[in-house]
> 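To start, I am sharing the structure in question, which I have written as structure tokens.
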Number of protein chains: 2
Amino acid sequence: MFLPLDGDGELYLQLLRALRSAVRDGRLLAGTRLPATRALAAELKLSRNTVLAAYELLCAEQLAVARSGSGTFVADALPRHRQQPRAEPVDAQSAYAARLRRLPPLPLPTRRSDLPIDFQYGEPMTHLALFTSWSRALTHAAARAQPGYPAPQGSLHLRAQIVAHLGRRRGVACEADDVVIVNGTQQAFSVLARVLLDEGDRVVVEEPGYALAKHCLMAHGAEVVAVPVGADGLEVARLPSAPPARMIVVTPSHQFPLGVTLSLPMRQALLQHAARNGSWIVEDDYDGEFGFEGRALPALRALDAGDRVIYIGTFSKTILPSLRLGYIVCPRSLRDDIVLAKRTMDVASSGIEQQALARFMASGAFDRHLKRTALELRRRRRALNDGLAAQCGERLVPQDSGTGMHLVAWLPGFDAAAVRRLIAKAEQRGLGLHSLAPHYESTPPMQALLIGYAATSVSQIHKATCLLGESLDAVTRLGRREHETAGAGGRPRLAGVRRVARSN
Amino acid sequence: MFLPLDGDGELYLQLLRALRSAVRDGRLLAGTRLPATRALAAELKLSRNTVLAAYELLCAEQLAVARSGSGTFVADALPRHRQQPRAEPVDAQSAYAARLRRLPPLPLPTRRSDLPIDFQYGEPMTHLALFTSWSRALTHAAARAQPGYPAPQGSLHLRAQIVAHLGRRRGVACEADDVVIVNGTQQAFSVLARVLLDEGDRVVVEEPGYALAKHCLMAHGAEVVAVPVGADGLEVARLPSAPPARMIVVTPSHQFPLGVTLSLPMRQALLQHAARNGSWIVEDDYDGEFGFEGRALPALRALDAGDRVIYIGTFSKTILPSLRLGYIVCPRSLRDDIVLAKRTMDVASSGIEQQALARFMASGAFDRHLKRTALELRRRRRALNDGLAAQCGERLVPQDSGTGMHLVAWLPGFDAAAVRRLIAKAEQRGLGLHSLAPHYESTPPMQALLIGYAATSVSQIHKATCLLGESLDAVTRLGRREHETAGAGGRPRLAGVRRVARSN
């Protein structure tokens, strides 16, 4: 049977799509018996489980029927609308939808499961003990689930745990009344956009910066201004003032993606700017939990006498991305609006997951998990820095920030084409690499790699840095002539993204 | 010690607030030892667990410190900002926030845990077996959690299960590609408002109708027009046409709150109206899962040749409200915008809960739960109808719709004041009652009670209908003179909410 797989994503889904088309196009007629799973697996060189999974989904979609003992058959009567062609494209139905359609593609790396090692970033470190203790917390919470709707502001028990955690680990003093539980950082941005911004209002984001938050603000209709990040973090002197931003989004403790820290004088200047211009500061502390080598600065929120800082945090980076829970610590003056917006948007976050998280924190399991993760991340970071120094020498300049799950490695003298060649060379050797460039609005002043090490063991890091060194060799040989002709090279100005503020 | 409880909500929270104020006002000085839990419990006539819970939260908020073996002490140094007065109110910061502040209060009943029996509605029926099997599904899913972010459209496995379920139980034929997982009905409305409506666009809702959805649309800035519901459901002839509505929100299978069904001719008229005017129909099938006594009509979506119907469903009403999962079955032409809006709003719904739900459905546990629930609800509905007929006679006219978890009982001749007196009389007897009136935008044409029976056993229903009869006796004696003078009374026109469309 001719079942072409389209090569996109998981094999069982490819097979499902191929079967669906065959049924729809009439190549597989109603009532026909599908090939035995073992035979089809052999024919297509797939595992039998892949075929079983595709058949199961085909049955769930009512395109086929499994008859026990005799096999799987194409359904006799296809659901009516499947026989009609549909899906004429429509115009965007709202200004928001039109803006959604204009968003640039997301620079989020897709996990390259076909490569033996991938320096992907953005997904946290996980280990077996975490799944066990998280599963235990969930079971406990499910067995004690309350029959009613959860409170829009979030579980008081969880909010109290977050308050204690922030006080202990991030120097943030607040009360449970100031905390609103949301479904991760992204929903925090959605709620804040609704409550604080009208269409056309100006918002400052960092350049380079976190694309998904920027998309949320752009889709909302804000005028998004990207202000460069220097060695001391956001260049506060370059903030626009006529008109000033209604909202300034920063990642002060560990800038994403550059990893720099907003210095204390910059923090004070930023708070003064906000107080003078009536701007709200959104402090996104997305991965400040993993312990700093050296002294960490207090959170902006801890220095904020003027009540202009909205602190947001997430558990996606510390526990699991599939756990959609985060929080907003808000100025008291905004609290009621934020809770009402959350209720209006989706009533409340999952009650069982909130209770499980509160228990996970109260039992000490969360702190143990963070400690263990921080230790392991530190080992990996050191292995990475050592490996890069030994294998890549001067050609690649890592910028270590002493915390987090990724670092930026500058590539002096590289242009975008050379980075693409480097990535291709590494891929041939089974190593996934990712460029920093997609995190800029405009052309970056220097090319770099964004190297994540949360999903890579120390021994994989040893091997990966060797492969990276070989790939650099290959690209450098290839590109030496162009490079020498252009006279590029020399030490990069680290994090020296000197560019005037611009709108987009 | 003087610790006045404010009587609002749970006792341990009342005590927490009292302790907080005592610490903040300096009545409890830094470093002071708090009374032993047993002693304070005795003094305030509270259970010791209540005092323990309040102390634990006080510690979590860093206002007190527990020293093992020696008791709980007021913290030595209070967090800085707690010593400053804060929270100057600010103006609404956006048009959305301003609209939020203007929303009327929600008519959601609060669970009266102080009353022995409460005819509350809106929370589903739960039983021990559900918690056990749901807890098992969660444990299984947590142990197999994927490290990455869940897909914005939702788990394919879950979407395939929903497709099979809708085909089997609701006559809705669709494919997994047409389904988008969201955090319950409310998020479905938020996403659809973003994708389909600009500020000022006209939306039709039912009168009476579901307040929280209406709030979402009003906060979004839509012009919300309430169109009356008659004995055949939404009065399609009264839909506005100049300009026509961009969106029409209906609950066709079991209108909320009246319980009527949109008749087949009305369904066809509605679809024609939508096709003629380019309106989108949002079909909210909020509790169509519990099996109808008698024949159920196919969903609007199943009749929709013009691809104008967006079908939304929820698991809050069938499993647990604290499970924030629902879905949108969308026309293919809107699918990409809806998925992008969901991603932009909060990335995706909880991965573990989606997997658990998929397994819960695939294993047959969901169908068993629905069957069991439907049987028990039928028993209760019959007990309720029998009890009301026996105890309340002509004074109260129940309108049974043969499905769901609540019914409307009309009170011919009652005015709003009489309903308040009836509710007060019932409360004196330990029975919680709820008026239908808050679900109307304007004054209802006739007073009624909204009687929920999902949280009330058959034996409680027997008792409750007796208490309701006694309460009616008491009020009727009280009000007979006024009533006779006014000349009100007579058979109500069931669901005859004859009122012209108006904007709000």
Side-chain angles (χ1 to χ4, degrees), chain A residues 57 60-62 79-81 86-90 93-97 100 111 123 126 131 134-135 138-139 142-143 145 147-150 160 163-164 167 173 175-176 183-184 186-187 190 194-198 215-216 219 320-322 324 332-333 337 340-341 344-347 350-353, chain B residues 57 60-62 79-81 86-90 93-97 100 111 123 126 131 134-135 138-139 142-143 145 147-150 160 163-164 167 173 175-176 183-184 186-187 190 194-198 215-216 219 307 320-322 324 332-333 337 340-341 344-347 350-352:
Chain A
L57 289 171
E61 291 189 1
Q62 300 180 280
R80 186 181 53 82
H81 78 263
R86 290 200 310 161
E88 283 169 40
V90 295
Q93 299 287 298
S94 67
Y96 182 87
L100 280 181
R111 176 186 281 272
E123 294 181 5
T126 51
F131 290 113
W134 180 245
S135 168
L138 270 180
T139 311
Y149 282 87
V163 165
E175 293 175 36
N183 304 335
Q186 192 66 15
Q187 193 178 49
S190 304
R194 280 291 207 180
V195 167
L196 299 177
L197 302 174
D198 284 321
H215 284 197
C216 176
L320 275 174
S322 78
R324 308 301 310 138
R332 189 64 57 91
S333 53
D337 288 349
L340 208 47
T344 305
M345 285 167 79
D346 67 357
V347 181
S350 161
I352 292 178
E353 291 197 325
Chain B
L57 289 171
E61 291 189 0
Q62 300 179 282
R80 186 180 55 82
H81 78 262
R86 290 200 308 161
E88 284 169 38
V90 295
Q93 299 288 297
S94 67
Y96 182 88
L100 281 180
R111 176 187 278 273
E123 294 181 9
T126 51
F131 290 112
W134 180 244
S135 169
L138 270 180
T139 311
Y149 282 85
V163 165
E175 294 175 34
N183 304 332
Q186 192 67 15
Q187 193 178 49
S190 302
R194 281 291 208 179
V195 167
L196 299 177
L197 301 175
D198 286 320
H215 283 197
C216 176
D307 231 14
L320 274 174
S322 79
R324 306 303 308 136
R332 188 64 57 90
S333 54
D337 289 348
L340 208 47
T344 304
M345 285 168 80
D346 68 355
V347 181
S350 163
I352 292 178

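Every chain is numbered from 1 and lettered A, B, ... according to where its sequence line falls, protein lines coming before strand lines. Quick note: numbers below take in every heavy atom, side chains included, and nothing from hydrogens, waters or symmetry partners.
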> Give the intermediate values and the outcome of side-chain contact (heavy atoms from CB on, under 4.5 Å) for residues B:Asp198 and A:Ser94.
CA-CA 5 Å; B:Asp198 286 320; A:Ser94 67; 3.6 Å; yes

> Provide the closest heavy-atom pair for A:Tyr96 versus A:Ala219 in the form atom of the first, atom of the second, distance.
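Heavy-atom minimum between the residues: CD1-O, 3.1 Å.
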
> Working to the nearest 0.5 angstrom, can you tell me the gap between A:Gln187 CD and B:Gln187 CD?
6.5 Å

> Using non-hydrogen atoms only, which part of B:Ala145 is less than 4.5 Å away from chain A: side chain, backbone, both, or neither?
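The answer is both parts of B:Ala145.
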
> Can you tell me how far the CE atom of B:Met345 sits from the CG atom of A:Asp346, to the nearest 0.5 Å?
7.5 Å

> Taking every non-hydrogen pair under 4.5 Å, which of B:Gln93, B:Gln186, B:Arg194 racks up the most with chain A?
B:Arg194

> Quick one: what part of A:Leu197 sits under 4.5 Å from any heavy atom of chain B, side chain, backbone, both or neither?
backbone

> Highest number of heavy-atom pairs under 4.5 Å with chain B: which of A:Val90, A:Ile352, A:Leu100, A:Leu320?
A:Leu100

> In Å and rounded to the nearest 0.5 Å, what is the CH2 to CG distance from A:Trp134 to B:Leu138?
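Answer rounded to 0.5 Å: 10.0 Å.
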
> If you count heavy-atom pairs under 4.5 Å between each of B:Pro321, B:Ala142, B:Ser190 and chain A, which one has the most?
B:Pro321

